[in-house]
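Sequence lines set the chain letters: A, B, ... in the order given, protein chains first and strands last, and positions in each chain run from 1.
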Amino acid sequence: MALPEILNGMKVVITNVFKRKETISYPEVRRQPYPRFKGRHILDRHPDGLEKCIGCELCAGACPADAIYVVGAENTPENRFSPGERYAQIYQINYLRCIFCGLCVEACPTEALLMTTEFELSGDSRDELIYTKEQLIVDAPIIRHWPAKTEYSPDRSEKVKIKDGGMVRDARYPENFLPDTRTGKGSE
Amino acid sequence: MSRSADAIAEAFEAAGHGAYVESFDRDERMIINMGPVHPATHGVLRLVLELDAETVVSCRPVIGYLHTGMEKECEDQNWRSAITIVTRMDYLAPFFNEHGYSIAVEELLGIEVPKRGQYIRVLISELNRISSHLVWFGTQGLDMGAISAMFYGFREREVILDFYEMVTGLRMNNNYVIPGGVWEDLPDGWRPVVENILGLLPGRIQEYEDLLSENPVFLERTKGIGTITADECGTLSTTGPIARAAGIDWDLRRDMPYGAYPDFEFDVPTATEGDVYARYTVRMEEMRQSVRILGQVVDGMPDGDYKNMDPKLTPPSRSELNRSMEAVIHHFKLVTQGYTVPAGEAYAAVESPRGELGVYAVSDGGTAPYRVHVRDPSFVNLQALPVMVRDGLVADLIASIASVDPVLGGVDR
């Protein structure tokens, strides 16, 4: 009989039963992604409220999945959207095609297009997942559909209790904070 | 009314399903389709088995169910963005695909990768080897009836995947290793995370060994099962842990070193039995050796650039973009067209967790690859499966598939 070997194996199983659980019961409990996480995009604004996007279509050209559609138009003195000559009249990202590679963010010359840590992208129809400029530009709040009661830090070492469920943008950052996808550090 | 095996075989062949039956005595044999949707085939792999009672007389792998034409798709991308395609081939070892492709492109460009970039590549590759072997450990255990192996393997893999997320922003299909270096430097605070992983793993690997290595049920189902000789491995071009378990002492990291591997000290584990258990021991020891390499990487991580900063190759930094018109022009050109690669062809091979992963890249002098071919080890190693399982039992076939550790994304590309 090979009883010692079996008991040795059982010892492993039994000691593991009493270890900390690694699973998280999502969506009640969540783990925050790391700052570099490549989630859904946002279009940033200048501090004076003008859009940073200049409608150059570099992001659309860089996209390996052809997920971005941009149509630029001329700014006029009465109708000014961005500094400079042009702005994006139509800006759409199709999240059914997007592969979250981040090449568009690298391509953007004005740091208008950034990626957030928001990853809960689902919808009931195809149209819903083609995000328009109104949804992407930062004035639109990123609302979590399933408010969490507890959150873990990215490495799961700390637990944070969330008092008021629904959140706008990412709770880790102050109001005007955006994660810098290029360095992983934040900028205010 | 059941049709005879003969008629079924003919119907298969007539329908072009690729069933190929070798034996003459067909009436006694039964042809069974295992897969393409079967939990033990590890993906959409279909095996056409010819059985004599419970003995496997012949086994024909039928592949192509996951074929998405990724090699062809690379030709539509520029040299930089093709990384997003190659990383999706062997999805359990994305960094090795990127690494092999990047070395091939660097060879064509004739550029150097800074030391820090090479060290980061080794760091991320060796972590990837462990995370890939942990999936193998989980599935091998699961297929042998040890469901806890699956839990433990995936638990530790999660820690490594968290590190990928911290460094690359994604958990899979990372788009991190690029021609010339890596996409981005390691973030602040990477060192304690890696040290935590390295502190955790040796103990956990010992736990796995306690769980399975001497377990009589596991030994019964793996020792002497699915044997393949060194000669057969050579004939079938089998590489990686399968060949090393059969006695072929060949590891590209040591024998055809690339990147920073000459700087590190490690052993190449081998065995001579060539059975499922030998492959198990080889992979377990490989994980330990990876931990050993990682310790040296963490200690010796140099400072400096993480990628080749040639302005013709790398887009300028953000601060430069705001200052210099020339930088904006470079940026615009690199994003819209990409860089050109001198005409020629190059083959680069890396030691992936499954064996030799080779990338053959051809350039016609333009900004997009003319051809990218990937010699995926899963694809080549799958040829060895019929040899391993011949004249064995169906239950042993399950053990053999798990020990080949095929990734169908890589097989079909």
task = Could you tell me which residues satisfy side chain to side chain contact (heavy atoms under 4.5 Å, CB included) with B:Asp76, sequence neighbours excluded, listed by chain and number?
result = none
query = What distance separates B:Tyr176 OH from A:Cys101 SG, expressed to the nearest 0.5 Å?
reply = 16.0 Å
inquiry  = Tell me which of these, A:Thr110, A:Leu58, A:Leu103, A:Asn8, has more heavy-atom pairs under 4.5 Å with chain B than the rest.
reply    = A:Leu58
ask   = Short question: side chain of A:Arg36, backbone of B:Thr168 - any donor-acceptor pair under 3.5 Å?
value = no
Portion of [X] that has a non-hydrogen atom of chain A nearer than 4.5 angstrom:
X	result
B:Asn173	neither
B:Thr87	neither
B:Phe151	neither

Chain B contacts: which residues in [range] have a non-hydrogen atom closer than 4.5 Å to it?
range	value
residues 62-70 of chain A	A:Ala62, A:Pro64
residues 92-100 of chain A	A:Ile99, A:Phe100
residues 75-89 of chain A	none

task = Using a strict cut-off of less than 4.0 Å between a Lys/Arg side-chain nitrogen and an Asp/Glu carboxylate oxygen, indicate whether A:Lys19 and B:Glu207 qualify as a salt bridge.
result = yes
inquiry  = I'd like to know if A:Glu106 and B:Arg80 make a salt bridge, using a cut-off of under 4.0 Å between side-chain N and carboxylate O.
reply    = yes
